[in-house]
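These notes concern the structure reproduced below.
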Amino acid sequence: MTGWFSKLVVGMTIRMPKWFVGWVSRRYVAGNNIDDAIKVMQRLSKENACFTVDVLGEEISTMDEAQFFYDEYARLIEEIIKHDLDSNLSIKPTAFGLLIDADKGYQNIKNLVKMASDHDMFVRLDMEDHRVTQDTIDVVVNLHNEGLTNVGTVYQGRLFRTLDDIDYLEEKLGSGADYRICKGIYLEPENIAHTGYSEIVSATNASIDKMLAAGAYCAIASHDKPVIDHALSALKSHGMGPNVADPRKNSGAPRNGKGPGYEFQMLLGVRGPLRRKLAAQGHRTRVYIPYGEKWYEYSIRRLKENPTVGAQVAKAFLMPWTNRP
Ligand code: FDA
């Protein structure tokens, strides 16, 4: 999709009535509340998927708002366990206050990760824009140093710094590093990030290679064929794959709820047939399940942040055969 078309779609969408945006985003957002998310997970469990759940909302303006996210995630842990779902959590560090009060934000995240750890549950710190890249990595390292190893983060292939960041986490955490690698949704400035499609794909693939070589757990989060095909052949060259124990000499102990050193991750509502095909081949596939009352703000913000998302949503809407849920 060309840039002008993406921008056109975004320009149109933000002028659409809220009900219309809600109707389109229904496919990508599980609903308003925990019950909605549980129902979606129960349905997709039948497709051999496992999950990571995100309570919608990001940067906050007061620490009181962080309490909302803490309480909601605490309830979510209980509900996941009550319904015996194969799910972990994805959280946005800024929703816990990292940009308002770094110490309190850290403490909030730590309390939640500790609660999850008591239930043997993993917590993924989603990666937000470049203002918090280092802070987010630091939170993960500090939590590991405090004995909370059920936590990992996300690296964005498009950032120039990512290959160095992989070295950094390898140095700090060794094979305890647990990454999600994605292209990165934020359109970062060109002095710190790749901006062209093929450069972003190459950089993301190079990150996958480096993470696998480091022995780290690697969650490949992409719907893009060149990335998935590259990941499949890189896994093969390490002797990794479905139903075989992770053979890498430098890999860590098997992780609870995880695949054999890797897994594939996709967003709810995107490229279902591809996800089901990977699952049928035996790969562990995890679906990212966003829910929450702030679905409208989330959808509009995502569209503004990266207009190509608008074009992809429009394409899925107008040409449904190209991208089924
Ligand atoms: P690409 O954008 O080229 O998409 C390939 C195809 O997939 C498209 O042609 C389209 O058919 C379909 N598609 C992709 N996204 C779509 C969408 N939103 N709606 C409809 N169709 C779509 N980013 C980040 O910065 N920090 C993070 O923490 C995360 N976390 C994360 C978790 C998971 C599980 C996933 C899958 C992705 C993320 N991302 C993210 C987003 C990621 O960085 C990236 O922006 C998107 O995944 C799109 O990149 P693809 O590799 O899928 O390629």
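Whatever order the structure lists ligands and atoms in, that order sets their numbers, starting from 1.
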Among Ile185, Ile289, Val287, closest by any non-hydrogen atom to atom 25 (O) of ligand 1: Ile185
Could you pull out, from Pro226, Cys182, Pro290, the option with a heavy atom nearest to atom 42 (C) of ligand 1? Cys182
For [atom], grab the closest protein heavy atom and report residue, atom and distance to one decimal in Å.
atom: atom 30 (N) of ligand 1; result: Arg180 NH1, 3.1 Å
atom: atom 28 (O) of ligand 1; result: Met127 N, 3.0 Å
atom: atom 18 (N) of ligand 1; result: Val309 CG1, 3.8 Å
atom: atom 43 (O) of ligand 1; result: Gly184 N, 2.7 Å
atom: atom 4 (O) of ligand 1; result: Gln312 NE2, 3.6 Å
atom: atom 21 (N) of ligand 1; result: Asn323 ND2, 3.0 Å
atom: atom 12 (C) of ligand 1; result: Val270 CG1, 3.7 Å

Any non-hydrogen side-chain atom of Tyr288 less than 4.5 Å from a side-chain atom of Leu268? no
Close side-chain approach of Gln134 and Arg161, heavy atoms under 4.5 Å: yes
Counting both backbone and side chain atoms, is some N or O of [X] under 3.5 Å from an N or O of ligand 1?
X: Val154; result: no
X: Tyr288; result: no
X: His223; result: yes
X: Lys183; result: yes
X: Ala221; result: no
X: Thr322; result: no

Tell me, please: is Val227 in heavy-atom contact with ligand 1, that is, under 4.0 Å? no
Would you kindly say whether Asn88 and Thr52 are connected by a side-chain donor-acceptor distance under 3.5 Å? yes
Flag for Gln265-Glu263: side-chain donor and acceptor within less than 3.5 Å: yes
Between the side chain of [X] and the main-chain N/O of [Y], is any donor-acceptor distance below 3.5 Å?
X: Ser207; Y: Ala203; answer: yes
X: Arg124; Y: Asp178; answer: yes
X: Glu65; Y: Thr62; answer: yes
X: Asn108; Y: Gly105; answer: no

Measure [X] to ligand 1 on non-hydrogen atoms and call it side chain, backbone, both or neither using the 4.0 Å cut-off.
X: Asp126; result: both
X: Gln156; result: side chain
X: Arg286; result: neither

Walk me through whether Asp246 and His238 qualify under side-chain hydrogen bond (donor to acceptor under 3.5 Å, both in side chains). CA-CA 9 Å; Asp246 183 350; His238 283 279; over 6 Å; no
With a 6.0 Å cut-off (strictly less than), is the heavy-atom count around CG of Asp118, excluding the residue itself, greater than 12? yes
Show the atoms of ligand 1 that are less than 4.0 angstrom away from any heavy atom in [X].
X: Ser222; value: 50 (P), 51 (O), 52 (O)
X: Leu267; value: 33 (C), 35 (C), 36 (C), 37 (C)
X: Arg271; value: 6 (C), 9 (O), 11 (O)
X: Gln265; value: 34 (C), 36 (C)
X: Tyr186; value: 25 (O)

Between Glu78 and Arg75, does any NZ, NE, NH1 or NH2 come within less than 4.0 Å of an OD or OE carboxylate oxygen? no
Do the side chains of Lys82 and Glu79 get close enough for a salt bridge, i.e. N-O under 4.0 angstrom? yes
Check step by step if side-chain hydrogen bond (donor to acceptor under 3.5 Å, both in side chains) holds for Arg286 and Ser87. CA-CA 8 Å; Arg286 192 177 298 279; Ser87 179; 5.9 Å; no
Is the ring centre of His130 less than 6.0 Å from the ring centre of Tyr186? no
Can a protein heavy atom be found under 4.0 Å away from atom 14 (C) of ligand 1? yes
Do the rings of Phe264 and His283 sit parallel, tilted or perpendicular, given the 30° and 60° boundaries? perpendicular
